[in-house]
Peer 1: 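Could you have a look at this structure, given as structure tokens, before my questions?
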Amino acid sequence: MSRSAEVVVYGATSAGVAAAVAAAEAGARTLLVEPGGHLGGMTSGGLGYTDVGDVRALGGAAARLRADIAEHYGTAPGHYAGPEPHGAEGIFRRWLEQAGVDVLFHARLTGVETVEGRDGREVRAITVTSGERIEAGVFIDAGYEGDLLAEACVPYRVGREDRALYGERFAGRQELVPGMHNMPPWVSPFAGDPTGRTEGRILPQLHNRPLAALGEGDGGVMSYGFRVCLTTAPDRIPFDRPDDYDEEYWELGRRLFARDRHEGVERTAGRMLGLEPNLPGGMADGNSLGPVSLSVLDGSAWEYPDASPERREELRRHHIAHTRGFLYFLSHDPAVPSAIRRELSRWGLPRHEFADTGHLPHQLYVREARRMVGERVLTEHDLLAGTIPADTVALGSYHIDIREVQRVWRWVYEHPEPIGTVFTEGYLSVPVPLYGIPYSALLPRRQDAGNLLVPVCLSASAVAFASIRMEPQYMMLGQAAGVAAALAVDSGHALHDLDREVLTGRLRDSGQAIGR
């Protein structure tokens with residue numbers, strides 16, 4: 001069985017929806033292929049509190065979503081930090097229907113056919129789990145993982161590079177420094193010895209591998225987690241004990257609170273989860289905020305990008321177990337301060353959200369995975385300088401936001417004998433000015449794939465990607481990819497040969513912000 005379209009978008013993330021809508025509205029016959037059963041990725045998958053940055057960067061599809069959210073709830077744009085998940089998905093569904101985009105759900109990529117084109121390799125067709133073969137003139141990989149680009153043998157990187165590669169100050173393994181997300185000192189990693197004096201079996205939730213040298217590239221990937229929606233509504237679903245709850249798995253949390261008591265530190269429930277009712281209906285967007293949090297720091301994220309579909313599903317289930325266990329631990333374990341348990345007793349999961357996935361989001365927060373090595377690689381130098389290239393198709397502005405990468409332990413040589421101590425490593429937040437994201441960062445090198453665009457796993461260093469990776473930027477980059485794809489179909493030109501002034505002009509006319 002086979003089908004064809006002029007433009008095929010793989011991945012119904014917010015970028016994928018924006019790309020498909022833009023291509024269809026520009027006149028291209030467009031098919032959106034989604035491996036799961038939902039639209040919108042993280043925008044409809046729990047990330048209610050959207051990281052916007054400088055509002056001057058918002059344009060195109062991102063501004064359109066903001067306006068539609070305001071209209072949907074009868075408020076001013078920006079009144080809510082984001083929509084309810086089902087509200088966001090409903091808006092995306094309407095966009096696709098109005099644009100006439102065909103959507104194929106539950107169609108995971110199983111293969112990519114390539115041919116030698118005019119100037120290099122081109123993607124001819126993809127195959128999906130249903131057995132269908134899908135041909136197109138232009139393909140857009142809008143998934144968080146970059147599966148299409150990888151199957152097409154387009155070069156990519158995963159994780160942190162060495163500082164020497166691009167001369168980036170913030171690349172590679174980071175220093176072990178204090179911070180809100182980091183573990184306080186003197187928490188023992190040893191299961192049998194809370195004093196840390198006697199080495200033994202390592203507690204769960206640690207990444208038990210040697211630390212790379214400072215600044216060295218180690219392939220480290222930002223931790224993943226679920227951004228849970230929480231509510232105080234009377235019909236909320238309580239945080240019951242999961243069937244697979246493991247008491248020892250949460251020993252690290254008990255030791256954290258024991259250390260707090262020793263030092264006179266008082267943590268609040270809000271500083272563990274984020275309980276500000278900033279979503280419609282008084283819901284809150286739970287985030288990873290403390291030393292023990294919704295983020296999984298045992299190295300699972302390092303494995304995920306290149307893992308098989310089966311292994312990814314195992315890792316996803318591990319994150320689900322962590323999420324349910326964390327909510328139960330915080331609300332029930334006697335080692336947790338009573339004030340936190342008391343506050344958590346007021347909260348639960350919303351009954352009207354994520355009904356088909358046990359009321360946890362359908363989308364794992366894959367903060368980063370593969371990153372293409374394309375026609376142009378953006379680095380921290382471009383961002384910190386506020387560079388706006390001539391072929392800019394969207395603006396970025398959010399901090400270089402590198403979330404925790406791993407939780408490890410080291411001997412600290414204190415008199416009279418060393419103490420094993422847990423460290424959280426990798427967190428970094430560096431402000432940047434407005435900067436431009438060029439069309440060339442969405443393009444593979446011509447010889448690698450002449451008819452592929454990549455608006456999510458685009459060509460950037462790990463440091464630069466940590467700023468670009470925000471959902472509004474993904475939407476604007478998806479829109480740019482969709483407009484470029486339709487231009488290529490209409491003109492008969494290769495993606496690399498498009499008139500970039502025409503492309504940027506079309507984007508500017510559609511409301512995209514591409515200059516200061």
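Quick note: residue numbers are just sequence positions, from 1.
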Peer 1: According to ring-ring contact (aromatic ring centres under 6.0 Å, His included), who are the partners of Trp186, at least two apart in sequence or on a separate chain?
Peer 2: none
Peer 1: I'd like to know if the side chain of Arg163 reaches the main chain of Ala171, judged simply by a donor and an acceptor atom lying under 3.5 Å from each other, with no hydrogens or angles considered.
Peer 2: yes
Peer 1: Taking the side chain from Gln406 and the backbone from Gly299, do they hold a donor-acceptor pair closer than 3.5 Å?
Peer 2: no
Peer 1: Donor-acceptor pair, distance only, cut-off 3.5 Å: does the side chain of Tyr474 make one with the backbone of Thr13?
Peer 2: no
Peer 1: Please name all residues satisfying ring-ring contact (aromatic ring centres under 6.0 Å, His included) with Phe105, sequence neighbours left out, ordered by chain then number.
Peer 2: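 Checked Phe105 against ring-ring contact (aromatic ring centres under 6.0 Å, His included); zero matches.
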Peer 1: Taking the side chain as C-beta and beyond, is there a heavy-atom pair between Gln473 and Leu458 under 4.5 Å?
Peer 2: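 In short, these two side chains do not touch, never coming nearer than 4.5 Å.
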Peer 1: Going through the distances and angles, do Phe423 and Leu211 end up as a side-chain contact (heavy atoms from CB on, under 4.5 Å)?
Peer 2: CA-CA 11 Å; Phe423 290 90; Leu211 272 175; over 6 Å; no
Peer 1: Is there any side-chain hydrogen bond (donor to acceptor under 3.5 Å, both in side chains) pair reaching into residues 326-340, and which pairs are they, with sequence neighbours excluded?
Peer 2: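 Checked against side-chain hydrogen bond (donor to acceptor under 3.5 Å, both in side chains) - neighbours excluded - the pairs reaching residues 326-340 are Arg254-Asp333.
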Peer 1: Is Leu273 close to Leu344 at the side-chain level, that is, under 4.5 Å between some pair of heavy atoms?
Peer 2: yes
Peer 1: Can you list the residues that meet the side-chain contact (heavy atoms from CB on, under 4.5 Å) rule with Arg317, with sequence neighbours excluded?
Peer 2: Glu313, Glu314
Peer 1: Verify, without hydrogens or angle tests, whether Arg227 (side chain) and Asn287 (backbone) share a donor-acceptor contact under 3.5 angstrom.
Peer 2: no
Peer 1: Locate the shortest heavy-atom distance separating Leu256 from Arg267; write the atom from each residue and the value.
Peer 2: CD1-NH2, 3.5 Å
Peer 1: Verify the distance criterion only: is there a donor paired with an acceptor across the side chains of Ser429 and His399 at less than 3.5 Å?
Peer 2: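 Indeed, the side chains of Ser429 and His399 share at least one donor-acceptor pair under 3.5 Å.
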Peer 1: If you look only at pairs with a residue in residues 193-207, which of them pass as a salt bridge (charged side-chain N to carboxylate O under 4.0 Å, His left out), with sequence neighbours excluded?
Peer 2: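 Counting only pairs at least two positions apart or across chains, the salt bridge (charged side-chain N to carboxylate O under 4.0 Å, His left out) contacts touching residues 193-207 are Arg201-Glu248.
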Peer 1: Give a yes-or-no answer on whether the side chains of Tyr435 and Ser467 include a donor-acceptor pair shorter than 3.5 Å.
Peer 2: yes
Peer 1: Identify the heavy atoms of Gly46 and Asp285 that sit nearest to each other, and give their distance.
Peer 2: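 Closest approach of Gly46 to Asp285, heavy atoms only: O-OD1, 3.2 Å.
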Peer 1: Would the number of heavy atoms belonging to other residues, nucleotides or ligands and lying under 6.0 Å from CZ of Arg410 be above 12?
Peer 2: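 Count not over threshold, so no.
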Peer 1: Of Arg316, Arg312, Glu145, Arg311, which meets side chain to side chain donor-acceptor pair (under 3.5 Å) against Tyr304?
Peer 2: Glu145
Peer 1: Minimum heavy-atom separation for Leu297 and Val405, please, with both atom names.
Peer 2: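 Nearest pair, atom of Leu297 first, then Val405: CD2-C, 3.9 Å.
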Peer 1: So with a 6.0 Å cut-off around CD of Glu414, is the heavy-atom count from everything else above 12?
Peer 2: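 It does: Glu414 CD has more than 12 such atoms within range.
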Peer 1: Checking Leu327 against Trp347 for the side-chain contact (heavy atoms from CB on, under 4.5 Å) test, could you report, in this order, the C-alpha distance in whole Å, the side-chain angles of both residues, the deciding distance, and whether it holds?
Peer 2: CA-CA 10 Å; Leu327 294 173; Trp347 293 83; over 6 Å; no
Peer 1: Strictly distance-based, threshold 3.5 Å: is any side-chain N or O of His381 a donor or acceptor partner for the main-chain N or O of Tyr166?
Peer 2: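 Yes, the answer is positive, given that a donor and an acceptor are paired below the 3.5 Å cut-off.
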Peer 1: Applying side-chain contact (heavy atoms from CB on, under 4.5 Å), name anything that partners Ser459, two or more places apart in sequence or on another chain.
Peer 2: Met372, Val377
Peer 1: Do the side chain of Glu380 and the main chain of Arg169 share a donor and acceptor less than 3.5 angstrom apart?
Peer 2: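 At least one qualifying donor-acceptor pair exists.
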Peer 1: So, applying side-chain contact (heavy atoms from CB on, under 4.5 Å) with Thr323, which one of Leu294, Leu364, Val296 is it?
Peer 2: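 Filter result, single survivor: Leu294.
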Peer 1: For the residue pair Tyr249 and His322, is the inter-centroid distance of their aromatic rings smaller than 6.0 Å?
Peer 2: yes
Peer 1: If you look only at pairs with a residue in residues 343-367, which of them pass as a salt bridge (charged side-chain N to carboxylate O under 4.0 Å, His left out), with sequence neighbours excluded?
Peer 2: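 For residues 343-367, and leaving out neighbouring residues, the salt bridge (charged side-chain N to carboxylate O under 4.0 Å, His left out) pairs sorted by first residue read Glu343-Arg346.
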Peer 1: I'd like to know if the side chain of Ser295 pairs up with that of Arg403 as donor and acceptor (distance under 3.5 Å, no hydrogens or angles considered).
Peer 2: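 There is no such pair between these side chains.
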Peer 1: Using only atom types and a distance under 3.5 Å, with no angle test, would you say the side chain of Arg407 pairs donor to acceptor with the backbone of Gln205?
Peer 2: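 Pair found, side chain donor or acceptor close to backbone of Gln205.
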Peer 1: Nearest heavy-atom pair of Pro189 and Gly420: which atoms, and what distance?
Peer 2: CD-O, 3.2 Å
Peer 1: Write out all pairs satisfying salt bridge (charged side-chain N to carboxylate O under 4.0 Å, His left out) with one or both partners inside residues 170-192, taking only residues at least two apart or from two chains.
Peer 2: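 Output for this query is empty, none listed.
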Peer 1: Do you know the tightest heavy-atom contact between Arg341 and Leu330?
Peer 2: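 So the two residues come closest at CG-O, 3.2 Å.
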Peer 1: Which pair of heavy atoms, one from Pro305 and one from Ala369, lies closest together, and at what distance?
Peer 2: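 Heavy atoms of Pro305 and Ala369 come nearest at CG-CA, 3.8 Å.
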Peer 1: Tell me every residue that passes side-chain contact (heavy atoms from CB on, under 4.5 Å) with Ala339, counting only those two or more places apart in sequence or in another chain.
Peer 2: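 Ala339: side-chain contact (heavy atoms from CB on, under 4.5 Å) contacts with Arg342.
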Peer 1: Decide yes or no for Arg66 and Met475: does some side-chain heavy atom of the first lie under 4.5 Å from some side-chain heavy atom of the second?
Peer 2: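 Sidechains of Met475 and Arg66: no contact.
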Peer 1: Indicate yes or no: at least one non-hydrogen side-chain atom of Tyr224 is less than 4.5 angstrom from one of Ser300.
Peer 2: no
Peer 1: Hey, are the side chains of Val408 and Leu206 touching, using non-hydrogen atoms and a 4.5 Å cut-off?
Peer 2: no
Peer 1: With a 4.5 Å cut-off on side-chain heavy atoms, are Arg157 and Val373 touching?
Peer 2: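 They are in side-chain contact.
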Peer 1: Okay, side chain of Arg236, backbone of Ala233: is any donor-acceptor separation there less than 3.5 Å?
Peer 2: yes
Peer 1: Using a strict cut-off of less than 4.0 Å between a Lys/Arg side-chain nitrogen and an Asp/Glu carboxylate oxygen, indicate whether Asp141 and Arg370 qualify as a salt bridge.
Peer 2: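 Salt bridge: no.
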Peer 1: Under 30°, 30 to 60°, or over 60°: which ring-plane class applies to Tyr245 and Trp250, parallel, tilted or perpendicular?
Peer 2: parallel
Peer 1: Could you list the residues that satisfy ring-ring contact (aromatic ring centres under 6.0 Å, His included) with His319, not counting sequence neighbours?
Peer 2: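 ring-ring contact (aromatic ring centres under 6.0 Å, His included) check on His319 returns nothing, list empty.
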Peer 1: Would you kindly say whether His38 and Gln363 are connected by a side-chain donor-acceptor distance under 3.5 Å?
Peer 2: no
Peer 1: May I ask you to check whether Gln174 and Tyr427 show a side-chain donor-acceptor distance below 3.5 Å?
Peer 2: no
Peer 1: Determine which pairs satisfy salt bridge (charged side-chain N to carboxylate O under 4.0 Å, His left out) with at least one residue from residues 422-437, sequence neighbours left out, and list them in order.
Peer 2: Arg160-Glu425
Peer 1: Taking side chain as C-beta onward, heavy atoms only, is Leu384 less than 4.5 Å from Val430?
Peer 2: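 SC-SC contact between Leu384 and Val430 confirmed.
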Peer 1: Any side-chain to backbone donor/acceptor pair from Glu168 onto Phe170? Under 3.5 Å, distance only.
Peer 2: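 Answer holds: no.
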Peer 1: Contact between Thr43 and Phe92 at the side-chain level, heavy atoms closer than 4.5 Å - yes or no?
Peer 2: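 When only atoms from C-beta onward are counted, Phe92 and Thr43 do touch, with a gap below 4.5 Å.
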Peer 1: For Asp401 and Arg469, what are the C-alpha separation, side-chain angles and deciding distance, and is it a salt bridge (Lys or Arg N to Asp or Glu O under 4.0 Å)?
Peer 2: CA-CA 9 Å; Asp401 184 38; Arg469 66 182 182 86; 2.9 Å; yes
Peer 1: Check the side chains of Glu404 and Thr424 for a donor-acceptor pair under 3.5 angstrom, ignoring hydrogens and angles.
Peer 2: no
Peer 1: Short question: side chain of Glu368, backbone of Met222 - any donor-acceptor pair under 3.5 Å?
Peer 2: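 Here the side-chain-to-backbone pair exists.
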Peer 1: Not counting sequence neighbours, which residues clear ring-ring contact (aromatic ring centres under 6.0 Å, His included) with Phe190? List them please.
Peer 2: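 Applying ring-ring contact (aromatic ring centres under 6.0 Å, His included) to Phe190 gives Trp409, Trp411.
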Peer 1: Should Glu247 and Arg241 be marked as a salt bridge (Lys or Arg N to Asp or Glu O under 4.0 Å) after you check the CA-CA gap, both sets of side-chain angles, and the distance that decides it?
Peer 2: CA-CA 11 Å; Glu247 292 285 353; Arg241 182 186 176 97; 3.2 Å; yes
